[in-house]
Structures are given as structure tokens and as C-alpha cells.
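What follows is a single structure, written as C-alpha cells, with notes after it.
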Amino acid sequence: MSDTYDFRAIQDRWLPVWTELDPFRASDDPDDPRERRYMLDMFPYPSGDLHMGHAEAFAIGDVVARYWFQRGYNVLHPIGWDAFGLPAENAAIQRNLHPADWTYRNIETQAASFRHYAISFDWSRRLHTCDPEYYKWTQWLFLRLFERGLAYRKASPVNWCPNDQTVLANEQVVGGVCERCGATVTKKTLTQWFFKITDYAQRLLDDISLLEGRWPDRVLTMQRNWIGRSEGAYVDFVIEGRDEPVTVFTTRPDTLYGATFFVVAADSALAQELCAPQYRPAFEEYLEQVRRLSDIDRLSTEREKTGVFLGRHAINPVNGERIPVWAADYVLAEYGTGAIMAVPAHDQRDLEFALKYGLPVRVVVDTGEPDPAQTGVATEGDGIHVNSGIIDGTNKADGIARIIAYLEERGLGRGGVTYRLRDWLVSRQRFWGAPIPIVHCPSCGEVPVPDDELPVLLPDLRGADLAPKGISPLAGATEWVATTCPRCGGAAQRDTDTMDTFVDSSWYYLRYCSPHDDDRPFDPEKVRLWLPVHQYVGGVEHAILHLLYSRFLTKVLYDMGLVDFTEPFSALLNQGQVINQGKAMSKSLGNGVDLGEQLATYGVDAVRLTMVFAGPPEDDIDWADVNPGALGKFLARVWRIAGEVTSPVGTPPEGGDEALRRITHRTIREVTELVEGFRFNVAVARVMELANAIRKAIDTGPGPADPAVREAAETLAVLLSLFAPYTAEECWARLGHQPTVARAGWPTADPALVAEEFVTCVVQVNGKVRERLQVPPSVTEEELQALALAAPAIEKAIDGRPVRRVVVRAPKLVNVVV
RNA sequence: GCCCCCGUAGCCCAACGGCAGAGGCGGACCCCUUAAAAGGGUUACAGUGUCGGUUCGAAUCCGACCGGGGGCACCA
């Protein structure tokens with residue numbers, strides 16, 4: 001063997017061996033007695049090669065998976081690709097290709113990189129969401145939602161780029177302009193497909209309690225905010241000249257007597273309808289203005305509220321008062337009912353509007369604060385109701401309860417809740433996605449494609465066929481669009497939209513259980529064995545969308561009886577980001593770090609070790625603050641140790657140097673606890689300490705032939721296998737073992753060796769350390785107190801003063817208070 | 001504006017309410033070497049953002065403030 005550590009040679013030696021051994025296959029055998037564990041990394045999007053962010057996330061996930069393998073669990077650690085999406089289309093337009101060409105090429109690149117990066121995947125379960133074998137089942141799921149009324153179409157305003165003639169996703173609208181061409185994005189109303197996630201709002205909220213403590217708090221907080229439950233009341237207002245009353249939602253029904261005007265969202269159908277004829281020109285002009293401003297100015301919180309009077313009046317149901325109806329931009333068409341009662345005295349937004357347009361401000365809650373009409377500050381807190389008829393003299397809580405009871409008795413309203421969460425818009429006017437499996441028939445309407453005709457395959461479009469033309473690219477494939485109605489057999493047309501890629505990724509964790517099943521999306525028996533995912537690892541950028549959609553879909557599948565759990569991911573770990581010089585890596589800053597270059601310079605193990613050693617996994621890593629070279633040196637040190645052990649393989653450790661054995665076993669115990677608690681950076685530090693101890697034992701201690709040195713070196717290799725698989729394997733071989741160290745088994749700490757012989761007891765006088773005593777760990781409090789008080793240094797420190805109190809924390813500390 | 005997280009050595013980071021330092025980087029010095037690199041070793045450097053409180057004892061718990069990061073933000 002060479003006498004210098006050569007990471008390239010080591011990588012080249014072991015990668016083919018591992019590929020041959022394929023040591024990370026999960027067993028689907030229901031009789032396999034091993035405990036099952038499912039470790040899932042958020043699957044990557046194939047945009048070129050792997051980058052630093054992947055390197056961190058997968059290094060962290062791999063520590064967990066490899067630990068579980070070593071513990072002897074039956075581990076499912078799969079990999080796949082989230083392979084539909086817009087970048088492939090853009091690349092195809094630019095290079096006159098099919099999006100699949102670009103996509104599969106990138107997938108192969110990333111797959112090879114993952115192999116090289118030595119992640120412990122079960123490669124037999126690999127999937128790609130753009131494979132027809134996969135998206136067939138995405139379509140199947142769509143149809144199940146459609147059957148249950150959870151997939152429906154409605155007209156909805158969407159982001160529209162007038163230059164590119166295309167619909168844009170929210171993420172493609174940056175600061176109100178199209179990220180691609182810079183044109184100002186406008187709103188356009190199109191008929192779109194939605195999933196009715198709002199039906200599940202309460203369950204999605206309630207089940208957050210099942211994830212408490214196992215998901216990061218901030219993710220749960222973000223989900224709660226996103227769902228945005230509000231409690232209050234729905235109140236019906238009669239509008240003069242309209243048959244049906246208009247309902248508003250309010251969280252403060254107790255302020256109903258303070259309502260001095262009524263507002264509907266300017267861009268709502270209701271505003272159109274309510275506008276009186278003589279006010280229409282002004283309204284239309286105003287509406288045009290609102291539409292033009294919408295997106296850029298929505299981002300500004302400073303913007304002054306605007307509105308127009310619609311020439312109509314509403315009747316306050318509790319006091320019969322006539323109040324004017326306005327259309328305004330500060331009321332959102334999509335939230336609540338798109339209409340509000342305005343109580344300017346007790347709502348800051350209403351107050352600002354009232355003061356601007358000279359509308360009355362009436363105080364109905366006495367909070368002890370000055371008059372809002374004078375100060376411009378609405379009094380939104382609790383207080384005693386005044387000018388409020390039936391609830392005069394009550395506080396906020398009582399007032400709300402009484403008003404709701406009053407409204408309900410008379411059929412004028414009801415208590416209720418509303419949510420900020422909106423239905424999930426799933427249709428995209430895009431090519432590279434799963435086609436929506438619906439046929440539009442002139443006589444039958446929306447007809448689902450029969451299951452046995454799935455998948456609805458994408459037509460072969462490429463290059464310029466995919467360029468934006470104002471309609472979905474699929475609509476241009478006229479032969480593909482023309483079909484027959486599955487119900488009546490007449491001429492009909494295929495739906496030309498594709499599904500949001502978040503639909504693909506909302507169920508992939510189920511597909512891994514039976515990735516090649518041609519008869520169903522997943523095998524419920526296998527899903528029962530593996531799910532829910534024991535540990536999910538991924539970036540916090542998916543805190544809401546992907547994780548919320550997956551939770552939603554799981555609940556739908558639960559309701560369908562296809563799965564027996566309601567939450568897909570039992571535990572979640574958000575790794576931090578890799579940044580550089582204090583900032584996110586970006587082309588414009590020129591501070592990008594290329595993973596391939598790092599791996600070529602320092603080796604896979606050094607980069608992986610850097611990723612887990614830099615700090616707690618959830619913290620960002622500033623690549624300018626870390627030094628992969630130093631970790632390469634550490635690995636070389638370990639490698640040298642393994643080569644210096646002279647005792648033969650199989651030498652029993654008993655009788656070896658006891659001090660070293662104690663260190664070895666204490667390290668086993670600590671590293672085990674640290675890995676279980678995701679304290680990987682500290683675990684690596686403990687492994688380094690073990691290496692230092694072995695180095696010392698070889699050089700100035702019992703020497704390289706001592707059995708304890710072999711035991712320590714073998715332990716070192718196994719512990720290191722979680723973080724630096726190549727070096728660990730090489731060390732294992734140098735120590736005389738066969739591959740693979742990854743399945744060598746986790747060492748067990750001997751309790752007798754973990755126990756300390758003596759511990760250092762600190763003796764303080766008034767909190768200051770005055771003496772250290774070596775005592776057995778079993779020392780009693782009484783003995784320890786006697787020992788401490790008898791110590792000369794303590795007597796001196798007490799200096800004859802009366803001892804007021806002695807705090808004894810055996811065996812570590814005594815504090816004498818004088 | 002509201003909510004959450006974080007401030008420990010030049011740097012990244014450890015420390016069940018109990019000796020402020022585990023590990024690493026960087027620095028200095030020593031050994032090895034003809035020399036250097038590599039390697040081995042020794043060592044210095046902070047009193048824990050600030051001010052108060054609780055406690056025998058606070059980096060740790062509580063309050064306020066300062067600084068950094070994140071989330072939400074016309075949601076009626």
C-alpha cells in the first residue's frame with residue numbers, strides 16, 4: 001500500500017466494489033424481522049449537475065441512513081428526480097430539442113454524481129416524475145380527486161405576461177415584472193383547475209399538533225400562518241334594490257354598531273353588479289386603475305387606500321341604519337366573502353379609508369384611548385361597548401357572543417370561521433408536465449379519461465413548438481387535442497393544460513415502496529410496511545407548498561382508504577444553506593462555489609465531512625469560513641493510524657490498554673447519542689478526539705501492537721463510515737477486513753468501560769473554585785461534604801467564618817457558602 | 001408594525017443551572033529534517049452583545065435594550 005493518503009485512488013478503488021455489492025437494498029419481505037426505517041431526502045430537480053446545496057442536504061441525510069444501516073435496521077433510502085418543469089422547456093426552445101433530452105441527460109449526470117458522492121441509496125427504486133410509468137399515476141390520482149369533487153374548474157385571475165404571451169407562476173413574477181423579459185405582469189382571468197385543499201384546512205391545522213416537536217417549529221408556524229384560521233361571524237347585510245343580502249365576514253361582530261360604511265372588493269363580480277348606473281363611468285375608470293397597479297403596488301404596504309362610491313346603500317341588520325357601499329382596493333375579492341363592514345373607529349384600515357373620504361367614525365368600544373377620528377389611530381383592543389344597543393356595557397368577548405346569538409336567533413348571520421388558505425391552482429399552460437386527463441365534450445362536458453386509457457401521453461413537441469403563443473403549447477398539437485368523448489363517442493377535445501409539478505412531488509414518497517408496479521400508484525401493503533417516513537430531510541424553502549400539498553394528498557388518500565396514516569412525514573429536518581462570504585451564492589455576485597471543483601480538489605470525504613462538521617445541520621454554512629483541506633488532513637491522519645496497527649485482525653480487545661479502551665467506549669456512547677440527536681458536528685469532534693487518543697497511544701502509550709489500539713482503530717473506522725465512507729472503507733481494509741464497513745454493525749459501548757473510575761469534584765467557596773478532589777463516582781453526599789470541608793485549601797478559604805450552607809451535588813461539585 | 005430564532009477566543013463552533021473550552025481553522029513555539037513540505041507535539045488568546053432580576057451558583061432561567069437572521073404583513 002502507498003504511504004500517502006490518496007483520496008482519488010481510494011475513491012477509484014471502492015466505488016466499483018460498492019456498485020457491485022449494492023449494500024443498501026431495502027427488503028420488502030414482510031417477514032423480515034428487522035425494524036424498518038424510511039429515510040427520505042427531498043428529491044432533486046435535474047437542473048444540471050449537483051451543487052453545494054445538494055452536497056450538504058444529502059450528506060446530512062446520509063449520516064442518518066448510514067447510522068440506521070449500521071444499527072441493523074431494514075432501511076429504505078431511495079432516490080428519484082422531480083423531473084417535470086419549466087427549465088427543461090426553456091432549454092428545449094433555445095436548443096431546438098425535446099425537453100426530455102435535456103432532462104434525462106441531467107438526470108444521468110446527477111445520478112453519476114450521487115454514486116461518486118457515495119450516498120447510501122437503494123438504486124433499484126429510482127424514479128423520475130416525467131416517466132410515463134410515473135405520470136400515469138399522477139393522472140390517476142387527479143381522476144380520483146375529480147371523482148370526489150376535489151378537482152374542479154373555475155375562472156381565476158392569473159399572472160399574465162403580455163410580452164411573452166404566457167401565464168406565469170407566482171415564482172416567475174419578481175417584483176411585479178416577468179423574470180424572463182422584464183415586462184409588467186398583469187392579471188388575466190382564465191378558467192383553471194383547482195384542488196380543493198380548503199376542504200382540508202381545519203384538518204391540516206389540527207394535525208400540526210401531531211408534528212409538534214418532530215418538525216421544526218418555524219415550519220409549523222409558517223403552515224399555521226399560511227392556513228390562517230380566523231374566528232368571527234358572517235353577517236348578512238340587505239342591499240337596497242337587491243333581493244339577496246350580501247354576507248360579510250368579520251372577526252369583530254361586537255363592533256357591528258360602529259359600521260359606518262360597506263366595502264366590496266373593486267375587482268369582484270359583486271362590485272360590477274352593485275354599481276349604480278350613474279356611478280358606472282367613475283367605477284370603470286377606477287377599476288382600470290386598480291388592475292393596472294395591482295401587482296407592483298400590492299407589494300407596497302405604504303400605499304394609500306383608494307376607492308369609489310357605488311351609489312348604493314346597505315342596511316345594518318342590528319340598527320337598520322343606511323350605510324354607503326364603496327368599492328375599494330384594500331378589500332380582497334378572494335378572502336372571506338370579498339365584502340366587509342367597515343368600522344373605522346376600531347379598524348386601522350377602515351379608519352384610514354374613512355378619514356381620506358370623509359366618512360363618519362363612530363366609537364362603539366370605550367378602550368380608554370383617545371378618539372380615533374382625532375388621532376388617526378384605531379382602537380382595536382378590548383373595552384366596554386357603548387352606543388351598541390343590546391351589548392352596551394359588555395366587554396369584547398361577551399359582546400361577540402351576544403351579537404352572534406342575536407344574529408343567529410333572527411337569521412341575520414351566524415358565528416363562523418374563515419381561512420386564508422386558498423384552493424390549490426394546479427393547471428399550467430405548460431408543455432413539460434403531466435397532461436390533465438380530462439376530455440371536453442360539447443355534449444357531456446368535462447369527462448374523465450378512463451383509467452385503462454392512462455397515461456395520456458404528451459405529444460412529441462420540441463423546439464419552436466414550445467415557444468409562448470398565448471395558449472398552452474399542447475393546444476398547438478391539433479391532432480393530439482382532437483379525440484372522441486369517452487362517454488358519448490362524439491368528437492371532443494383533450495384538456496390542454498398540464499399539472500403543477502407540485503402534484504408530481506406530493507406523492508412520490510409513496511411510489512418508492514413499489515416503484516415498478518404497473519397496476520396501481522403504490523402497493524398499499526408495502527406502504528403499510530414503510531410509511532410514514534421516519535425522517536425527511538430537505539430545505540426550509542419547501543416549508544409551505546410541497547409539505548402542505550403532501551400533507552393534503554395524504555389525508556385525501558386516507559379518506560379513500562388507501563393509506564392508514566394521516567401525516568406522511570413523522571419527522572422533518574431542515575438543513576441550512578451553503579453560502580459564501582456571507583451571501584447566497586449567485587452568478588451576479590460571482591461568489592458561486594462549484595461542487596465538482598471542491599470534490600476534485602479535496603475529495604468526496606473531505607467535502608462531506610466539512611458539510612457535517614461545520615456546525616449544527618440546520619445552520620447555514622459559509623464556505624468562506626470552513627476549510628475542507630483541514631478535514632482532508634484529519635482523514636489522512638485516520639488513514640495512517642489504520643495502517644500502523646500491528647495486531648492481527650480478530651485480536652480480542654480484552655487485556656488491552658484500559659485507558660484507551662475507556663476512551664473508545666465512551667466515544668461510542670457519546671457518538672451514538674449525538675447522532676441520534678442530529679448533533680453531527682459534535683459527533684465528528686468526538687471522533688477526532690478518539691483519533692487523537694489513538695495517535696497518542698501508538699506514539700507514546702502502549703504502542704501499535706496493543707489490542708486496545710486495534711479496537712479503537714476499528715471503532716474509529718465504523719464511526720467514521722457515517723461521514724466519510726471512502727476513507728472508512730480503506731481503513732477497514734487496512735485493518736484486515738472485507739468490505740463493506742458500511743454494514744460492519746454499530747459498536748456497543750461496554751458499560752463497565754464507560755463508567756468513570758474517578759471523577760473530579762470541584763469544591764467552591766461562595767461560588768469560587770478553591771479545590772479539586774478525585775473521588776469515586778459512587779461517593780455519597782455525606783462523604784463528599786466531609787471530604788470537602790476537611791480539605792486544607794477549603795479550610796483556608798473559609799478562614800474561620802461560620803458555614804451558612806453547603807450545597808452538594810455528588811459527585812461533581814460542592815459549594816460552601818459562608 | 002407583529003411573531004420566532006441567534007449573539008461564547010481572530011474565525012467556525014462545544015459546554016444536564018455547577019471548573020467557560022470538547023473539536024477544528026488560523027497564530028506562536030518545539031521535535032523530526034541538511035533544509036523545506038508533510039508529520040508529531042506544546043501553547044497563548046474570550047469571561048459568554050448590554051443592563052437588571054431569580055439562585056448558594058447563570059453562557060444557560062426571567063425582563064428590557066442593542067446587533068444579526070428568518071417568517072408574516074391591507075386576510076376584515
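So you know, we letter chains A, B, ... as the sequences are listed, proteins then strands, and number each from 1.
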Considering just the side-chain nitrogens and oxygens of A:Asn225, establish if one lies under 4.0 Å of OP1 or OP2 belonging to B:C2. no
From CD of A:Gln785 across to C1' of B:C56 the rounded distance in Å is 13 Å
Ordered by number, residues from residues 613-622 of chain A within less than 4.0 Å of RNA chain B (heavy atoms) are A:Phe613, A:Ala614, A:Pro616
Ring center gap for A:Phe7 and A:Tyr5 short of 6.0 angstrom: no
Looking only at B:A76, B:G18, B:A14, the nucleotide nearest the A:Asn681 side chain is B:A14
Against the side chain of A:Leu332, the closest entry in B:C11, B:G23, B:A76 is B:A76
Is there a side-chain contact between A:Arg637 and the phosphate of B:G41, meaning an N or O under 4.0 Å from OP1 or OP2?
yes
What does A:Asp350 touch in the nucleic acid at a heavy-atom separation under 4.0 angstrom: a base, only the sugar-phosphate, or nothing? nothing
Rounded to whole Å, the CD1-C1' distance (A:Ile340 to B:A76) equals 5 Å
Going by distance alone, is a donor N or O of one side chain under 3.5 Å from an acceptor N or O of the other, for A:Asn316 and A:Tyr257?
no
A:Asn766 CG to B:C56 C1', in whole Å, measures 8 Å
Note: for A:Arg679 and A:Val817 on RNA chain B, the residue whose nearest nucleotide lies more 5' is A:Arg679
Considering only atom P, compute the distance from B:G69 to B:A28 and round it to an integer number of Å.
33 Å
Residues A:Ala327 and A:Ala266: closest non-hydrogen pair is CB-CA, 4.1 Å
List the atom pairs, donor and acceptor, that lie under 3.5 Å between side-chain atoms in residues 802-818 of chain A and the rest of the protein, sequence neighbours left out.
residue	atom	partner	partner atom	Å
A:Asn815	OD1	A:Gly767	N	3.0

If pairing means Watson-Crick or G-U wobble with both distances under 3.5 Å, then the partner of B:U42 is B:A28
In whole angstroms, the gap separating C1' of B:G23 from CG of A:Leu719 amounts to 15 Å
Practice item. Looking at every strand, decide which applies to A:Glu352 at a 4.0 Å heavy-atom threshold: base, sugar-phosphate, or nothing. Key: nothing
On a whole-Å scale, what distance lies between the C1' atoms belonging to B:G49 and B:U60? 15 Å
Between B:C45 and B:G27, how many Å separate the two C1' atoms, rounded to a whole number? 9 Å
Could you work out the separation of B:C56 and B:C16 based on their P atoms and round it to a whole Å? 22 Å
inquiry  = Using a 4.0 Å heavy-atom cut-off, does A:Thr221 contact any base of the nucleic acid, only the sugar-phosphate backbone, or nothing at all?
reply    = nothing
The nucleotide from B:G26, B:G18, B:A76 with an atom nearest the side chain of A:Asn627 is B:G26
Closest of B:C25, B:G40, B:U42 to the A:Lys696 side chain is B:U42
Considering only atom C1', compute the distance from B:G7 to B:C12 and round it to an integer number of Å. 14 Å
Of the listed B:C56, B:C74, B:A76, the closest approach to the A:Lys305 side chain comes from B:C74
Whole-Å distance, A:Leu690 CG to B:A22 C1', equals 14 Å
Taken to the nearest whole Å, CH2/A:Trp623 to C1'/B:C11 is 16 Å
Under 3.5 Å, is there a donor-acceptor pair between the A:Thr306 and A:Tyr286 side chains?
yes
Self-check item: Pair of N/O donor and acceptor under 3.5 Å linking B:G70 base with A:Arg218 side chain
Solution: no
Checking B:C72, B:A76, B:A22 against the side chain of A:Ile544 (C-beta onward), the nearest is B:C72
Winner on side-chain proximity to A:Met222, out of B:C74, B:G71, B:C56, is B:G71
**Asked** If only side-chain N and O atoms of A:Lys633 are considered, is one of them under 4.0 Å from the OP1 or OP2 phosphate oxygen of B:G40?
**Response** no
Discussion item. Could you walk me through whether A:His346 and A:Thr379 satisfy the side-chain hydrogen bond (donor to acceptor under 3.5 Å, both in side chains) test, starting with their C-alpha distance in whole Å, then the side-chain angles of each, then the deciding distance to 0.1 Å, before giving a yes or no?
Written reply: CA-CA 5 Å; A:His346 308 296; A:Thr379 57; 3.0 Å; yes
* B:G57 versus B:G47 - spacing of their C1' atoms, nearest Å -> 15 Å
Any strand, both distances under 3.5 Å, Watson-Crick or G-U wobble: B:A22 pairs with none
* To do: Could you give the distance separating B:U48 and B:C4 at their C1' atoms, to the nearest angstrom?
  => 23 Å
Would you call the rings of A:Trp326 and A:Phe353 parallel, tilted or perpendicular, where under 30° means parallel and over 60° means perpendicular? perpendicular
Considering only atom P, compute the distance from B:A38 to B:C25 and round it to an integer number of Å. 12 Å
To the nearest angstrom, the CG-P distance between A:Asp217 and B:C72 comes to 16 Å
Per atom distances to the A:Asp625 side chain, the nearest of B:A76, B:C72, B:C11 is B:C11
B:G67 -> Watson-Crick or G-U wobble partner, both distances under 3.5 Å, gives B:C6
Comparing nearest nucleotides in RNA chain B, the 5'-proximal residue of the pair A:Ala630, A:Thr251 is A:Ala630
| said: Base, sugar-phosphate or nothing for A:Arg229? Non-hydrogen atoms, less than 4.0 Å. | reply: nothing
Checklist entry - Does A:Arg420 make a side-chain N or O approach to OP1 or OP2 of B:C72 shorter than 4.0 Å? => result no
Distance col, row A:Arg229:CZ vs A:Leu205:CG, nearest 0.5 angstrom, shows 7.0 Å
### Task
Please evaluate the base of B:C56 for a donor-acceptor partner in the side chain of A:Asn815 within a cut-off of under 3.5 Å?
yes
**Prompt:** Under 4.0 angstrom, heavy atoms only, what part of the nucleic acid is A:Arg686 near: base, sugar-phosphate, or nothing?
**Reply:** base
A:Val682 has its side chain closest, among B:G71, B:A14, B:G40, to B:A14
note: A:Met611, atom CE; B:C13, atom P; distance rounded to Å ~ 14 Å
Of all heavy-atom pairs linking A:Asp236 and A:Pro317, the shortest is O-CG, 3.5 Å
Note: A:Ala728 and A:Ala717 closest approach over all heavy atoms is CB-O, 3.3 Å
The side-chain contact (heavy atoms from CB on, under 4.5 Å) partner of A:Leu548 among A:Tyr200, A:Trp424, A:Trp226 is A:Trp226
B:C16 -> Watson-Crick or G-U wobble partner, both distances under 3.5 Å, gives none
